[in-house]
Amino acid sequence: MSDTHTPPQRHANMAAIHGKNTKPEMIVRKWLWKHGYRYRLNEPRLPGKPDIVMRKYRTCIFVNGCFWHGHEGCRYYTIPKTNTEFWRNKVRRNKERDLRVQHELASMGWHSITIWECDLKPAKREQTLTALAYTLNKIFVQDRTIRRYEMPEDESVVAAEDMEEYAAIRR
């Protein structure tokens, strides 16, 4: 089956799709703000420029479109009938990049949360956002637990001079 749009129409459709301020991302951002969570957007100093960065929780939130990021088993992820090989490669590269970015963030001590577009549809939205709040609170509590610091008992290290030497120097 051929494409129903002319090449200029298809180009205009694809050019209209942007990576920032998407509808699913706006839903998450508005919910977080309304519930008192504060965040930064598209932090360029972190790998992958996460959609939402919550420094207090050391957490990055990625709001992924099911089609663009290859959400397996989702009804919104279907490979187009035309130019199939191009789209398979594109989605595969996106998945590989997503995984690489999450590993880089984890090595830097950041948590990564991925929210899929289909989970923000009205039927599942409240459940998804409630689970997000639960996860953020759990991360906050776990990161704030008291970790006891134990001194190694091998040998004590003194960072000062001997009192007699110090007295001699002072004279």
Checklist entry - How many angstroms lie between atom CG of Leu32 and atom CG of Leu132, to the nearest 0.5 angstrom? => result 5.5 Å
Item to check | Nonpolar side-chain network containing Leu99, other nodes, edges under 4.5 Å | outcome: none
Next on the checklist: Just verifying a value: how many Å separate Tyr76 OH and Trp116 CH2, rounded to the nearest 0.5 Å?
Outcome noted: 14.5 Å
Next on the checklist: Can you pull out every salt bridge (Lys or Arg N to Asp or Glu O under 4.0 Å) where at least one residue sits in residues 28-48? Sequence neighbours excluded, please.
Outcome noted: Glu25-Arg29, Glu43-Arg45
Item to check | Sequence-distant partners of Trp31, ring-ring contact (aromatic ring centres under 6.0 Å, His included), two or more places apart | outcome: His35
Item to check | Distance-only side-chain donor-acceptor flag, Glu117 / Thr22, under 3.5 Å | outcome: no
Checklist outcome for this item: Residues pairing under side-chain hydrogen bond (donor to acceptor under 3.5 Å, both in side chains) where one sits in residues 121-135, two or more places apart or in two chains, turn out to be Asp119-Lys124
Next on the checklist: In this structure, would Met26 and Trp33 fall into the same cluster of hydrophobic residues linked by side-chain contacts under 4.5 Å?
Outcome noted: no
Checklist entry - Which pair of heavy atoms, one from Cys66 and one from Cys118, lies closest together, and at what distance? => result SG-N, 3.4 Å
Checklist outcome for this item: Interatomic distance, CG@Leu41 vs CG@Asp51, rounded to 0.5 Å, equals 8.5 Å
Item to check | Partners meeting ring-ring contact (aromatic ring centres under 6.0 Å, His included) with Tyr77 (sequence neighbours left out) | outcome: none
Item to check | Qualifying residue for side-chain contact (heavy atoms from CB on, under 4.5 Å) with Gln102, from Pro50, Ser107, Ser112 | outcome: Ser112
Item to check | Any residue meeting side-chain hydrogen bond (donor to acceptor under 3.5 Å, both in side chains) with Arg75, in chain and number order, not counting sequence neighbours | outcome: none
Next on the checklist: Within this structure, what is the OG1-CE distance for the pair Thr59 and Met54, rounded to the nearest 0.5 Å?
Outcome noted: 7.0 Å
Next on the checklist: With heavy-atom distances below 4.5 Å as the criterion, would you say the side chains of Ile52 and Ile113 are in contact?
Outcome noted: no
Checklist entry - Excluding sequence neighbours, so at least two apart, what forms side-chain contact (heavy atoms from CB on, under 4.5 Å) with Phe67? => result Pro80, Trp87
Checklist outcome for this item: Across all chains, not counting sequence neighbours, the side-chain contact (heavy atoms from CB on, under 4.5 Å) partners of Thr84 are Ile79, Arg88
Checklist entry - What residues join Val53 in its hydrophobic cluster, counting side-chain heavy atom gaps under 4.5 Å, either direct or through other members? => result Leu46, Phe62, Val101, Leu105, Met108, Trp110
Checklist outcome for this item: Sorted by chain and number, sequence neighbours left out, ring-ring contact (aromatic ring centres under 6.0 Å, His included) with Tyr57 holds for Tyr37, Phe140
Checklist entry - Looking only at heavy atoms, what is the nearest atom pair of Arg58 and Gly109, with distance? => result NE-O, 3.3 Å
Next on the checklist: Using the rule given for side chain to side chain donor-acceptor pair (under 3.5 Å), can you reason through Gln9 versus Thr4, listing the C-alpha separation, both sets of side-chain angles and the distance that settles it, and then say yes or no?
Outcome noted: CA-CA 9 Å; Gln9 288 173 326; Thr4 57; over 6 Å; no
Next on the checklist: Tell me whether the count of non-hydrogen atoms from other residues, nucleotides or ligands lying under 6.0 Å of CZ in Arg55 goes above 12.
Outcome noted: no
Next on the checklist: According to side-chain hydrogen bond (donor to acceptor under 3.5 Å, both in side chains), does anything in residues 62-73 pair up with another residue at least two apart or in another chain? List the pairs.
Outcome noted: His69-Asp98, Glu72-Lys95
Next on the checklist: Quick one, Val63 and Thr114 - any side-chain contact, counting heavy atoms below 4.5 Å?
Outcome noted: no
Checklist entry - Is any side-chain N of the basic residue among Glu96 and Arg100 closer than 4.0 Å to the acidic one's carboxylate O? => result no
Checklist outcome for this item: With sequence neighbours left out, the residues meeting side-chain hydrogen bond (donor to acceptor under 3.5 Å, both in side chains) with Arg97 are Asn94
